[in-house]
Structure formats: C-alpha cells, structure tokens
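Taking it in order: structure first as structure tokens, then the write-up.
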Amino acid sequence: MAIAKDQEAPSPELMLAFYRRLYPFKSIMNWLNHEHVPTKLYTHREFAFTLQGDVYLRYNSFNTVEDFKKQVCTLNPTRFEIGPVYSARPRDKKTIRPGGFMPLLRELVFDIDMTDYDSIRTCCSDAGICKRCWAFIAAAVKVMDSSIRDQFGYQHLLWVYSGRRGIHLWISDKEAMELTDEQRKAIVSWIAVVTGGKDSHKKVNARLGSRPLPPSLKTALEPLAHYFGDLILTDQDCFASEEGWQALLHLIPDQSVVQKLQDKWSSDSGRSSAQKWQDFKREVKGSSQRPALQAAMEDIILQYTYPRLDAEVSKHRNHLLKAPFCVHPKTGRICVPVDPDQVDDFDPEEVPTVGQLLKELDETMAQDSPEGEEHHSDSDRTSLKPYIEMLDRHAMALMDEVRRIKRDADMTW
Amino acid sequence: MFKKGERKHSTTSSLKQEHPEVQLHSTTPYPHRLNFYDVPPVFDVTLEEFESAALARLRILAEIESSFVRNRPHDELKTVTDGQCKKYLPLNANTASLADLQSERRTDHVGHFVLRLAFCRSEELRRRFVKAEMTLFRVRWDTDDTGERNAFLKSRSFGWEEVGAKEKEMYKEELMAVPSSIKQSELRSQSDSGQYYKVRWTRVPDLVEKRRVFLKGGWAYVPEREQSSIVFQEFQTNLEKALDMTAKALPRLDEDSRLIPILNNLSQGFLAGVPSEWLSSSSSSAEGSGVKAEEIDDLAKKHFPMCMRNLHESLTRDRHLKHMGRLQYGLFLKVLGVSIDEAITFWRRSFNKITDDKFNKEYRYNIRHSYGLEGRRANYPAKSCQQILTQEQPGPNESHGCPYRHFSEDNLQSALLASYSAQGLKTTDLPEIMHTVRAGHYHVACTRVFEITHSRGGVKKGEGVGGGESVTHPNQYAARSRELEKAKQEKAENDRDAMLVDG
C-alpha cells in the first residue's frame with residue numbers, strides 16, 4: 001500500500017500550471033489526428049471535461065490545438081476524456097437532427113483494472129497498488145500486446161498507465177478505428193477468458209467439452225506459466241490461506257484428488273503455495289483422470305494470470321476514456337505511456353506526480369541564467385520528457401503510415 | 001426503384017421444357033433459388049402483385065419474429081418457417097419440374113424489395129427486418145440442395161481467398177486445434193474437404209466471438225464447414241447498407257401516391273404481428289399497482305424469481321450494485337409498478353454508504369434514464385429471461401445474470417435453500433432442479449422452483465406460471481406469484497364473509 005501514503009489530491013492551481021506549461025497538447029493532437037493539419041479525426045472528436053466539484057461537460061470539440069489548450073486552461077478540469085469521431089462536430093450536436101449525429105470512428109480501447117483481480121491478489125485491495133501486484137498487469141500487458149499484434153495484425157498500440165491501479169490500451173490502426181460495435185464485441189469475446197459472476201468458482205470456460213484449448217490461448221499459456229510460478233505461487237502466495245487453497249480445490253474436477261489434498265493441507269497449515277501446487281501436480285501424474293486434470297491445471301493457470309478486461313469499455317464506439325497525460329485526481333500521478341517491452345520493470349510508484357514535475361521545473365528555472373539562452377520547451381526540463389517522446393514516436397509512426405498511403409494513392413495517377 | 005422494364009418472361013417457360021440445363025444460366029432472370037437481392041426488380045409490377053407478394057413475405061417474417069420471442073430452438077424454427085414458406089411463399093429447387101420456378105422466384109424478389117421500402121423508415125424497423133431476413137435466408141440455405149448451393153456460390157464473388165497448400169501446412173497444427181461445435185464435427189464426413197478460406201476477421205465477427213477460426217495478422221482462416229458464416233454475414237452487411245441507402249433515397253423518390261398507404265400498412269402490420277405480451281401489458285400493470293419503496297423488501301421475499309432475489313440480497317448486503325445489476329433490477333422494478341419517485345427513494349435508501357451529492361451525480365440520472373426521462377427518452381422494457389441469459393455475462397464482481405446459469409452448483413443450491421425454504425422448498429427438491437440446470441434448461445429449473453414454492457397456492461407440477469407455460473420473463477414470474485396471492489386472499493375473504501353470513 002505504499003502508494004497510499006503520498007496520495008494527495010492536486011490543487012486547482014497546480015493543475016492549471018500543469019496544463020499551461022507541461023501538458024503535451026500538440027503531441028496528443030498528432031496522435032489522435034494522424035496528420036499535422038487538423039482533420040475530422042480531430043475536429044469531430046468528442047472531448048468530455050470533469051471540472052472541480054464533479055461537473056461533467058460532454059460534447060466539446062475543437063478546431064485547433066490552440067482552441068483546445070485555451071479551453072482547458074479556462075475550465076481547468078480535474079481530468080478529461082476522449083470519445084469517438086462523430087459524423088458532425090460534437091459541439092454542434094444540438095443543431096443536428098437526431099439521426100445525423102452518429103459515432104463513426106474510434107480507437108479500439110481496452111481497460112484492465114486491478115479491482116478485477118481483488119479476489120486473487122493478496123498484497124493490496126481496492127484502490128491500493130504496489131510493485132508486487134503490478135505483476136498481474138504486466139502479465140496481462142505481455143499477453144494482450146503480443147496476441148493483438150500477432151492475431152489481429154494491429155501495429156499501433158499505445159499502452160497508458162491509468163494513474164492509479166490500471167492500464168489502458170489504445171489501438172489506432174485504420175481497421176481498428178473503423179470497427180463496428182458488433183465487431184468490437186467479437187474481439188472482446190475472443191480475448192476475454194475469465195468470465196462468470198462472483199458466485200461461480202470456475203471462471204475459465206474456453207474449451208468445448210474436453211477438447212484442447214483454442215490455439216490463441218495455447219500460445220498465451222506459455223508466458224503465463226512463468227508468471228504463475230513467480231507471481232501466484234511465490235510472490236502472492238495465493239494458496240497459503242485456507243480461503244485461498246479452498247478456492248483452488250473448487251477448480252479440480254476429480255473428487256478423490258480433492259479429498260486427498262484437502263486432508264493433507266488442512267493438517268499442515270505451513271505448506272507454501274508452491275508446495276501445494278507440487279502436491280497437486282504429483283496427484284495429477286498418478287491419477288487415472290490425467291488428461292482432464294491436466295486441462296484443469298491449464299485452466300487454473302489462466303484463471304489466475306490471464307488478462308481480466310473491463311469489457312464494457314471496449315464494446316461501444318461512444319465510450320469515453322481518460323486521455324493520456326491527464327493527472328489522476330486522487331494520486332496526482334500522470335497517466336504516462338508504458339512501453340510493453342519494459343512493462344515488467346515499470347513501477348507505478350515511480351511515475352511522476354504533478355507536484356513533483358512542477359518542482360523540477362522551478363528548480364531548473366532557478367539554475368538557468370535569467371535571460372539570453374535558448375528556450376527549451378518546459379516539459380523538456382522535467383522527468384515527463386521521456387514519456388512525451390514515447391507518445392511522439394508513436395504518433396510519428398501513425399503519421400508515416402498516413403503519408404505512405406497518400407503517396408501510394410498519388411502513384412495511381 | 002421500379003423502373004419501367006421491358007424484360008420478357010413468357011418465352012422462358014416454353015424454353016424450359018426443351019433445354020433444362022441451358023436455361024439454368026443467364027437466359028432466365030432467376031437461375032438460383034437463393035438470392036442476394038443485389039439487383040432490384042426493373043420490370044413492371046402490378047399494384048396487386050406489389051401488395052400480395054409483400055403480404056406473403058410479411059407472414060413468414062412475422063412468424064420468424066414470433067419464434068424468436070417464443071425462444072424456439074433453431075431446428076424448430078426451421079421446421080415452422082419451412083412449413084409457412086411452403087404455404088405462402090413456395091420456393092422450389094431447380095429439380096422440381098412441376099413448379100413454376102420463375103414466377104415463384106419473381107414473387108420472392110418483388111416481395112423482398114417492397115418490404116425494404118416499407119421497413120427502411122426507422123432504425124428499429126431496419127434492425128428487425130435485417131434479423132428476420134437473415135434468418136429466412138439461413139433457413140433456405142440449410143434446405144437448399146448442395147449442388148445448387150455451390151452453383152449459387154460460384155455465381156457471385158464473396159471475396160474470399162482459398163488457402164494454399166503451403167500455408168495450410170505452415171499452420172497445420174493451429175488449424176487442427178480450432179474448436180468446432182460437436183454437431184458439426186459429426187457432419188464433417190459429409191462434405192468437408194479440408195479447404196480453408198481466408199477473409200479479414202471483421203467479416204466473420206460471429207466466428208471470432210466464439211473462437212471458431214484461426215486468426216493470424218487480422219486474417220481469419222475459415223474452415224469449409226463454417227463457410228456459410230461468411231455468406232450470412234455478407235448477406236447481412238449488404239442488406240444493412242442497402243436499407244440505409246434506401247432510407248436516404250426514400251424522401252427524394254417521386255413516390256406514387258398509391259404506394260404510400262400500402263407501405264404504411266405493411267410496416268404497421270409487422271409491428272403488430274409480434275406477440276409482445278410482456279412489452280405491451282407492462283405499461284398497464286405499471287400504472288395500476290403502484291408499489292411503494294418500503295414494500296419492495298417484502299415483495300422480494302414473497303414473489304421474486306431467483307435472479308431478482310439475488311440482486312436484492314446483494315444490494316441489501318453490499319449497499320451497492322454494479323451497473324448491469326442496477327439495470328436488470330431497476331427495469332424489473334419499474335415494470336413491477338414502482339414509480340420513478342419511489343424508485344429513487346428505494347435506490348437512495350439502499351445505497352446508504354454514499355453521500356447525497358454522489359448519489360445525485362452518479363446514479364439519479366441513470367435511474368431517470370431507465371424510466372425514459374433522460375437522454376433519448378426511450379421507454380426501456382425490462383429484460384426477458386432470454387436477454388438475461390445471453391446478453392452481458394456477469395464479470396468477476398457482478399451480481400446480475402441468471403443464477404441458474406451463472407452460479408456454481410453449490411452456490412446455487414445454498415442460495416435456493418436460503419431464499420425459498422420459507423416457501424416450501426426442501427433439500428429433497430434440489431436434485432431434480434440441479435438435473436435440469438446441468439442439462440442447460442435454466443428456465444425449466446426456474447419454472448420448477450415456481451411450482452414448488454407456490455404449491456401451497458394450489459400450483460401443481462407441470463402447470464408452470466399458468467397453462468403449462470414456463471418462465472420466460474422475471475416480471476411474468478412475479479406477476480403470476482402476486483396474482484396467486486391475491487386470489488388466495490380474495491378466497492379467504494369470501495370464505496370469511498360466507499361464514500359471517502352463515503353465522
């Protein structure tokens with residue numbers, strides 16, 4: 001719960017200074033717009049503001065980055081969200097007949113939230129997150145990132161830390177932007193494996209009868225087995241408590257094995273999770289029901305480590321999602337992009353807070369000679385710089401692709 | 001849309017007798033029984049044919065819709081629809097020598113396009129029309145002769161790419177591991193040559209949703225046995241696009257004043273032809289009974305089905321429900337007769353861990369929205385069992401859904417006993433209920449619980465919620481339960497009155 005101690009809601013003054021001096025409006029626009037000159041991708045895009053005192057303003061849209069920045073600095077919201085590209089400017093919504101205002105394009109987004117892991121993580125609960133439970137998120141990111149790239153062929157994936165206990169994924173490929181709600185629903189069902197309400201024990205039901213797992217899950221299983229060993233068995237020690245190992249026993253289909261393990265574990269409360277897992281493995285090897293039990297083992301690994309999605313976020317084009325680089329209103333941390341290759345080393349507690357950034361800025365300002373030298377942009381002087389560069393690189397790749405498509409189209413002449 | 005055409009048909013019928021093979025191609029307007037309706041009819045159509053063709057088709061579509069509402073399984077739907085088709089809109093295979101194939105197909109063609117005109121007018125009508133037409137196409141596809149079906153497939157480009165041997169070898173293992181429904185694997189021996197077709201995954205969302213294909217780089221490798229999915233999806237996408245175009249073009253069409261009344265009549269007939277007892281009667285019952293917020297707890301214990309009991313218990317226990325739970329329970333309460341003011345009172349009291357401010361900001365709007373007082377102001381019906389069972393599966397910490405389906409067995413059993421033992425449910429009743437649950441007949445299990453818990457009110461086994469009907473809607477369950485109680489009370493009163501008179 002380390003993050004709880006420095007939790008402080010940033011003051012409005014701090015927020016305003018952050019928007020004025022640090023927020024990368026231009027980079028965000030490049031990323032949303034895929035081009036330098038504002039197109040419909042930007043001008044017809046909905047922005048929703050949450051103001052101080054939880055006032056919610058929807059259907060804002062802007063023609064230029066300058067307009068956007070001006071409005072943000074005027075309203076000084078605690079955070080803002082990005083919605084879809086509509087068939088008309090969202091701010092003109094009231095003047096358009098109802099059928100004429102429809103969401104058309106939208107990044108395909110995913111949201112993974114630590115709360116969905118509350119039933120299995122043992123280190124923190126609710127709003128808390130630490131380096132240890134981040135490993136759940138890291139496992140999810142690894143699996144999702146590689147499977148979306150490999151299976152769906154999308155390349156422009158931006159992972160963004162949500163500022164407290166989760167992570168967002170924004171996919172900006174052309175095909176992904178154009179997906180209908182029905183197609184979004186299909187991709188969510190393809191990816192989501194951990195389902196079933198809180199009153200069902202077995203939450204993984206991906207196979208038909210006793211058949212092997214579909215190939216997409218089979219591929220995911222290998223990296224997850226590593227995480228299962230390190231994270232579930234060693235670090236979180238999920239089966240140490242009685243509640244924990246009872247939950248495990250519920251997932252074993254063979255009653256004789258369950259009985260044997262139950263006797264053994266209830267008499268020896270000191271057995272670690274890793275030892276219990278070894279006990280189970282030994283039983284599986286000796287059992288006549290071996291194939292069914294091995295399938296159950298795979299399902300258990302999935303249930304404990306496979307990404308748990310907040311599915312509603314992804315299913316509809318008109319769902320709003322907090323913009324990258326916003327400040328989390330409770331923790332003051334910036335929603336920074338995360339490199340999926342480095343996600344294991346990402347520490348949510350090291351993400352800069354808005355207070356820290358402004359302090360850094362003041363310090364470098366003081367060191368500078370008051371006049372004369374070349375003025376770098378303010379964000380370059382802070383620890384926000386590498387994150388903004390990450391977004392810029394991502395946006396650049398998108399812009400390159402648009403340029404390439406345009407050039408190809410010109411070649412046909 | 002109906003341009004004056006001058007295509008002659010009279011000659012074709014005489015030709016048919018002499019060269020049946022030759023006329024299968026191009027010389028006749030309708031070489032195949034199946035039709036994607038890419039081309040509108042461009043010949044003269046009499047007003048009478050215009051109307052009769054549409055009416056015949058409407059009957060079929062209305063029957064299909066009512067099958068959905070009655071939750072008929074696909075096989076039964078197929079038999080029913082096929083029977084109706086034979087009666088009102090026969091469409092024979094090329095092998096049927098006696099039938100007048102061309103005029104049958106012409107009626108089918110004209111009827112489809114007239115209904116497009118009638119049903120392109122609102123989003124709701126378009127959606128329902130597409131769904132019904134899709135099903136009709138599917139039924140015809142399933143009943144079509146394999147050879148003729150293949151000829152139809154060749155007649156039109158579906159934009160799929162056959163997967164070459166080299167690629168098939170490369171992904172051999174993955175392709176083999178793709179699950180298929182058991183029924184289809186039995187059928188495999190019939191026609192599966194092991195051929196795969198490659199399309200963008202966005203064209204087969206239904207297969208992706210069920211993980212029935214192998215995906216690589218955004219391409220879906222569709223096995224031959226699932227090929228029909230591409231065709232159906234294509235049919236649907238085409239029809240949706242065409243309806244949108246028709247809707248946009250309609251106001252600009254110089255419409256014949258004789259057609260408008262017919263079209264209006266048709267679209268109304270479609271709306272009326274759907275047995276939506278629970279949609280229509282819900283509004284009247286909502287006005288009548290006027291349930292108060294403080295009565296809900298009592299009603300829940302006496303009259304609610306398990307799903308609503310569970311939501312009620314979760315709400316009482318956690319002082320909170322997640323969004324989908326609030327929606328399922330809130331709409332149920334609305335139809336039960338809880339007015340908007342009472343509903344707000346009820347939710348406010350239940351969420352007693354939060355401040356007024358938070359409640360007003362985060363929940364009040366949604367409650368008012370579900371009563372049609374905010375946003376698009378639609379009067380949302382309560383969710384039926386079918387919707388509860390199939391839509392939005394509950395996530396790890398959510399309580400909505402159908403307990404018979406979404407609970408683990410031991411949790412379901414203890415929940416049933418905890419909820420209904422006061423009304424006469426015994427441990428000895430559980431094996432029977434669990435048996436139906438295991439077989440996947442959740443509504444049967446729910447109906448059986450209703451029968452057991454109302455046996456004191458004189459409900460016998462097999463009687464269901466009246467006349468042997470099984471539970472298809474939580475509100476139907478609650479309404480019937482309250483009816484029984486009312487009848488019992490009246491009877492008791494009458495008895496007492498009678499005793500008074502006697503005495």
Side-chain angles (χ1 to χ4, degrees), chain A residues 53-56 98-99 115-120 147-155 173 175-176 178-180 182-203 206-209 211-219 250 303 308-312 315, chain B residues 122-123 171 173-182 185 200-220 236-237 240 247 310 314 323-325 357-358 361-362 365 376 392-401 403 405-412 415:
Chain A
D54 273 350
V55 177
Y56 201 46
T115 35
D116 289 323
Y117 290 85
D118 274 352
S119 53
I120 47 174
S147 68
I148 285 174
R149 282 174 204 273
D150 177 67
Q151 289 152 20
F152 291 91
Y154 297 140
Q155 293 162 6
D173 290 70
E175 186 186 81
E178 289 167 353
L179 295 179
T180 63
E182 192 198 356
Q183 288 161 341
R184 281 166 208 256
K185 212 169 127 241
I187 193 169
V188 169
S189 316
W190 172 274
I191 294 174
V193 170
V194 186
T195 54
K198 71 176 158 191
D199 286 298
S200 78
H201 295 306
K202 187 163 158 55
K203 297 182 205 279
R207 45 183 104 224
L208 279 155
R211 290 179 59 101
L213 284 173
S216 60
L217 298 180
K218 199 89 190 164
T219 339
H250 275 300
Q303 173 152 342
R308 298 184 169 198
L309 299 177
D310 185 347
E312 293 309 312
K315 283 183 187 168
Chain B
S122 79
E123 175 93 43
Y171 299 124
E173 236 169 82
E174 287 93 338
L175 289 172
M176 291 299 290
V178 168
S180 64
S181 59
I182 298 136
S185 61
R200 282 310 289 181
W201 78 268
T202 48
R203 285 187 54 193
V204 282
D206 55 327
L207 294 180
V208 171
E209 191 165 349
K210 297 189 200 111
R211 300 200 189 93
R212 291 269 180 76
V213 285
F214 168 61
L215 280 187
K216 187 82 190 172
W219 293 95
Q236 184 180 345
T237 320
E240 274 165 1
N310 175 46
S314 301
H323 176 75
M324 294 311 298
D357 198 35
K358 187 172 162 76
K361 266 173 204 146
E362 291 179 22
Y365 178 91
R376 56 183 275 225
E392 327 296 347
Q393 302 299 301
N397 288 318
E398 293 178 312
S399 319
H400 67 274
R405 165 150 198 204
H406 298 120
F407 276 27
S408 67
E409 285 194 10
D410 48 343
N411 281 344
L412 174 60

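Each chain gets a letter, A, B and so on, in the order the sequences are listed, and its residues count up from 1. Both backbone and side-chain heavy atoms feed into the values below; hydrogens, waters and symmetry mates do not. Please read all numbers here as calculations on a predicted model, not as lab measurements.
With chain A as partner, the option from B/Glu123, B/Arg200, B/Glu173 having the largest number of non-hydrogen pairs under 4.5 angstrom is B/Arg200. For chain B, the option among A/Ala192, A/Ser147, A/Gly153, A/Ser189 with the highest count of heavy-atom pairs below 4.5 Å is A/Ser189.
For B/Tyr171, the ring-ring contact (aromatic ring centres under 6.0 Å, His included) test picks out B/Phe214, B/Tyr221, with sequence neighbours left out. Under the side-chain contact (heavy atoms from CB on, under 4.5 Å) criterion, B/Asp206 pairs with B/Val204, B/Ser229, B/Gln233, sequence neighbours left out.
Here the straight-line distance linking atom CG of A/Asp54 with atom NZ of B/Lys358 works out to 8.0 Å at 0.5 Å rounding. Rounded to the nearest 0.5 Å, atoms CZ (A/Arg308) and CG (B/Asn397) are 8.5 Å apart.
Neither the backbone nor the side chain of A/Lys218 has a heavy atom closer than 4.5 Å to any heavy atom of chain B. Heavy atoms closer than 4.5 Å to chain A are found nowhere in B/Arg405, neither backbone nor side chain. Interface remark: A/Leu179 contributes side-chain atoms only to the contact with chain B (heavy atom separation under 4.5 Å). Using a 4.5 Å cut-off between heavy atoms, A/Glu178 does not touch chain B at all. Interface remark: B/Lys361 contributes side-chain atoms only to the contact with chain A (heavy atom separation under 4.5 Å). At a 4.5 Å heavy-atom cutoff, A/Gln155 makes no contact with chain B through either its backbone or its side chain.
The ring pair (Phe, Tyr, Trp, His ring centres under 6.0 Å) test with B/Trp201 is passed by exactly one of A/Tyr154, A/Trp190, A/Phe152: A/Phe152.
Scanning all heavy atoms of the two residues, the minimum distance from B/Thr202 to A/Gln183 falls at O-NE2, 2.8 Å. Looking at every heavy atom in both residues, A/Ala186 comes nearest to B/Pro205 through CB-O, 3.2 Å.
Checked by atom type and distance alone, the side chain of B/Glu174 never pairs as donor or acceptor with a backbone atom of A/Pro215 at under 3.5 Å.
Contact of the B/Arg211 side chain with the A/Leu213 side chain is not registered, since no non-hydrogen atoms from C-beta on lie closer than 4.5 Å.
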